[in-house]
Protein chains: 2
Amino acid sequence: MLRPTTKDLAKAAGVSLATVDRVLNGRPGVREETVTAVNTAITRLGFVRNLSAANLARSRVYRLAFLLPAEGDQFLATVENHIVEAAKSFETEGIQVSLRRVLGKDPHQIATLLATITPDDLDGVSILAPESPQLRDATARLRERGVAVVRLLAGVAQADGTDVVGIDNRAAGATAARLIGRFCAASPGQILVIADTMNARDSVERRQGFDRVITHDFPGMVALPSLETHGDPERTRAILSNSLANHPGITAAYVLSAEARLPLEVLAQMPGPVRRVTIAHERTAFTERLLLGGGLDAVIAQNAGHLVRSAIRVLRARCDGRAPIASQEEIRIEILLPDNLGNAAHQGGLRLASSGGA
Amino acid sequence: MLRPTTKDLAKAAGVSLATVDRVLNGRPGVREETVTAVNTAITRLGFVRNLSAANLARSRVYRLAFLLPAEGDQFLATVENHIVEAAKSFETEGIQVSLRRVLGKDPHQIATLLATITPDDLDGVSILAPESPQLRDATARLRERGVAVVRLLAGVAQADGTDVVGIDNRAAGATAARLIGRFCAASPGQILVIADTMNARDSVERRQGFDRVITHDFPGMVALPSLETHGDPERTRAILSNSLANHPGITAAYVLSAEARLPLEVLAQMPGPVRRVTIAHERTAFTERLLLGGGLDAVIAQNAGHLVRSAIRVLRARCDGRAPIASQEEIRIEILLPDNLGNAAHQGGLRLASSGGA
DNA sequence: GTGAAAGCGCTAACAG
DNA sequence: CTGTTAGCGCTTTCAC
């Protein structure tokens with residue numbers, strides 16, 4: 001026989017469909033006895049609930065939104081593209097995903113904005129913004145109001161029950177350090193560490209992971225104090241040329257911010273007798289090109305597509321009061337070399353057959 | 001207004017539900033005129049089809065099976081685990097996934113087995129077996145009979161329209177070579193290359209990719225001829241000790257087969273004055289432990305969970321006559337270092353919140 | 001060629 | 001506390 005349905009359950013347990021439904025959804029108002037009767041039938045028949053049918057009956061639509069910074073460079077654009085793509089493919093499943101580039105730099109602005117969101121507008125939001133007390137507060141309120149929340153990329157999980165989708169930044173920093181250490185085996189020296197700003201929690205964590213590995217496993221190398229570009233080309237030029245002049249023993253550079261273009265472009269213009277080992281974060285058109293051209297030795301990345309789809313799945317699960325499948329939602333720290341960039345980068349042939357199937 | 005339904009379409013186009021359905025599913029027997037009328041309504045209303053409802057109405061169940069080798073070591077076990085896990089989570093979507101460890105080493109046995117499968121048993125199969133003319137033939141027949149087919153890990157795409165889910169093995173070999181080359185910068189020398197057998201297409205491709213990069217980018221190094229273990233411990237010991245004795249300049253080892261335990265264990269027992277840079281494929285309990293313990297410098301892996309879920313999604317799409325979403329189904333070549341193994345390996349805390357959501 | 005009506009598995013008012 | 005009934009959006013006979 002095919003999969004048993006609620007009807008079969010009702011018959012087996014000697015109750016009506018409505019009662020089966022009540023038990024299935026843990027709704028109150030059913031005698032303990034009947035509950036067990038139904039549950040027995042469930043296990044006996046090996047009943048598995050048909051979620052699509054349930055959602056159809058509920059005519060449930062999930063209204064989700066991604067709230068992103070208003071300003072950003074290539075990485076943000078990549079994330080955006082994946083959101084748009086994912087929005088399309090989730091639409092058939094009754095999940096409406098919108099995208100709003102509204103978050104400013106001021107934590108208060110962000111908090112004020114979040115305060116306007118209610119369950120009438122949205123069922124869940126995914127927020128990409130730096131950690132701040134205001135933000136933590138605002139997300140807690142949002143959740144109390146009944147809006148599911150996940151933090152994208154940056155944030156601390158578990159503290160208030162808000163999920164975080166993104167890589168472990170300490171591990172990412174450690175990975176960068178390991179690569180630099182190994183790549184510099186023949187020429188250990190000083191390491192330039194460059195960030196947008198070290199005020200962001202994720203930057204600090206990356207730096208911590210980085211330092212741990214360098215100190216512990218590569219005693220011949222020294223990671224210099226972090227330089228902060230603040231996104232300013234002039235300043236970047238100044239601090240980099242200054243640092244390179246002061247430290248002739250620099251053999252490597254680590255750019256730990258998500259937007260690596262500015263420091264990498266400036267770095268490329270600096271004179272340097274030795275070829276420096278350089279590692280940056282996130283796959284963008286820019287880092288990809290540099291990697292293929294030999295101007296970058298490795299890229300530490302998190303797959304933006306996975307990131308977005310994972311955030312959507314987690315939100316959906318939370319909307320239903322379900323727990324996400326942790327093993328599926330873990331975002332891997334990818335190491336990209338010129339050789340494992342995959343199709344998107346430079347090859348023509350997909351491994352999927354181009355024509356229709358069976 | 002909420003998302004328009006078929007009913008709205010019918011009204012807008014001045015036809016019945018049945019006709020809308022015929023157009024939606026490209027069924028014959030509709031006047032050209034009415035077809036365009038419906039299509040106009042579709043675009044005008046921005047109609048998006050509700051797939052769950054469609055599947056419910058069809059009471060479509062997808063019966064898929066993974067056909068795996070009867071014999072294998074840890075990597076196969078990992079794949080198996082993921083199949084079982086995926087089977088559970090896809091069950092709610094009406095996708096029944098079974099697992100059969102039935103494939104032997106003989107291509108004819110495999111072909112004979114595939115010949116017994118009909119659309120009455122299964123809607124799609126995912127086959128993990130080495131390339132062979134018999135297999136290609138058998139899969140082609142299967143597809144003709146109306147059973148969707150994807151090849152797992154090994155195979156050639158597009159040739160007969162059969163999809164292949166797995167990494168690009170040439171790129172994987174190239175990635176291994178790049179890492180070995182860079183890690184050996186201070187001590188270039190000869191590289192031991194070890195395989196189960198070089199009769200498998202994927203082994204050959206990895207070797208090709210490996211050689212290309214070594215030759216082109218690391219002229220100071222030499223990749224020795226491939227040694228074949230044939231899964232035999234005695235033989236492995238003999239050929240390895242022989243090779244190490246003959247080539248005192250060996251500074252690296254590349255194990256290119258999916259099951260790396262045997263050669264790595266034997267290699268560990270071999271005396272060696274210099275610490276060798278060692279790289280192997282696939283994440284298993286064994287390679288993970290070795291990586292963390294420093295006995296392995298990197299692991300080139302394909303995420304078994306993605307692999308399995310991707311195979312299922314592709315089969316499902318083909319069953320429906322849809323094209324899979326290529327960007328989502330590309331399997332990344334992961335590089336694993338001790339630092340980016342992630343939660344599963346050694347950490348306790350998940351980044352997902354442990355308690356219920358909004 | 002096209003339409004009417006029943007039903008997929010489940011939920012959500014209502015009655016009782 | 002429990003059952004009846006009418007759908008959710010789409011497909012599928014079977015008539016017309």
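Per chain, numbering begins at 1; letters A, B, ... match sequence-line order.
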Tell me whether the OP1 or OP2 atom of dA4(C) has a side-chain N or O from S16(B) closer than 4.0 Å.
no
Quick note, salt bridge (Lys or Arg N to Asp or Glu O under 4.0 Å) partners involving residues 58-69 of chain B, not counting sequence neighbours, are R60(B)-D123(B), R63(B)-D123(B)
Qualifying salt bridge (Lys or Arg N to Asp or Glu O under 4.0 Å) pairs with a residue from residues 14-32 of chain B, counting only residues at least two apart or across chains
D21(B)-R27(B)
With a 6.0 Å cut-off (strictly less than), is the heavy-atom count around CZ of R100(A), excluding the residue itself, greater than 12?
no
List the atom pairs, with distances to 0.1 Å, where a side-chain N or O of residues 110-120 of chain A and a protein N or O form a donor-acceptor pair under 3.5 Å, not counting sequence neighbours.
unit_1	atom_1	unit_2	atom_2	d
T112(A)	OG1	H108(A)	O	2.6
T116(A)	OG1	L113(A)	O	2.6
T118(A)	OG1	D120(A)	N	3.1

Is the closest side-chain heavy-atom distance between L9(A) and T5(A) below 4.5 Å?
no
Non-neighbouring partners of L307(A) that pass side chain to side chain contact (heavy atoms under 4.5 Å, CB included), sequence neighbours left out
L152(A), L153(A), V165(A), Q302(A), I331(A)
Under 4.0 Å between any heavy atoms, over every strand shown, what does V20(A) touch: base, sugar-phosphate, or nothing? Just pick one.
nothing
Quick check for you: name the first and last nucleotides of DNA chain D, 5' to 3', having an atom under 4.0 Å from a heavy atom of chain B.
dC8(D) to dT12(D)
Would you please name every residue forming a ring-ring contact (aromatic ring centres under 6.0 Å, His included) with H82(B), sequence neighbours left out?
none
Are any of the side-chain nitrogens in E80(B) or R101(B) under 4.0 Å away from the carboxylate oxygens of its partner?
yes
Contact summary for G342(A) and E330(B), nearest pair of heavy atoms:
CA-OE2, 3.3 Å
I'd like a table of donor-acceptor pairs (distance under 3.5 Å, sequence neighbours excluded) in which one partner is a side-chain atom from residues 86-99 of chain A, with atom names and distances.
unit_1	atom_1	unit_2	atom_2	d
S89(A)	OG	A86(A)	O	3.3
T92(A)	OG1	S89(A)	O	3.1
S98(A)	OG	L64(A)	O	3.4

Could you name each residue pair satisfying salt bridge (Lys or Arg N to Asp or Glu O under 4.0 Å) that touches residues 303-312 of chain B, not counting sequence neighbours?
none
Do nucleotides 9-16 of chain C as a string where each nucleotide becomes B, S or -: B if the base has a protein heavy atom under 4.0 Å, S if just the sugar-phosphate does, - if no protein is that close.
BBSB----
Sorted by chain and residue number, the side chain to side chain contact (heavy atoms under 4.5 Å, CB included) partners of A37(A) (sequence neighbours excluded) come out as none
Residues from residues 28-36 of chain B sitting under 4.0 Å of DNA chain C, heavy atoms only?
G29(B), V30(B), R31(B), T34(B)
Students should find that the end-to-end axis angle of the helix from dG1(C)-dC16(D) to dG16(C)-dC1(D), with five pairs defining each axis and rounding to 10 degrees, is 40°
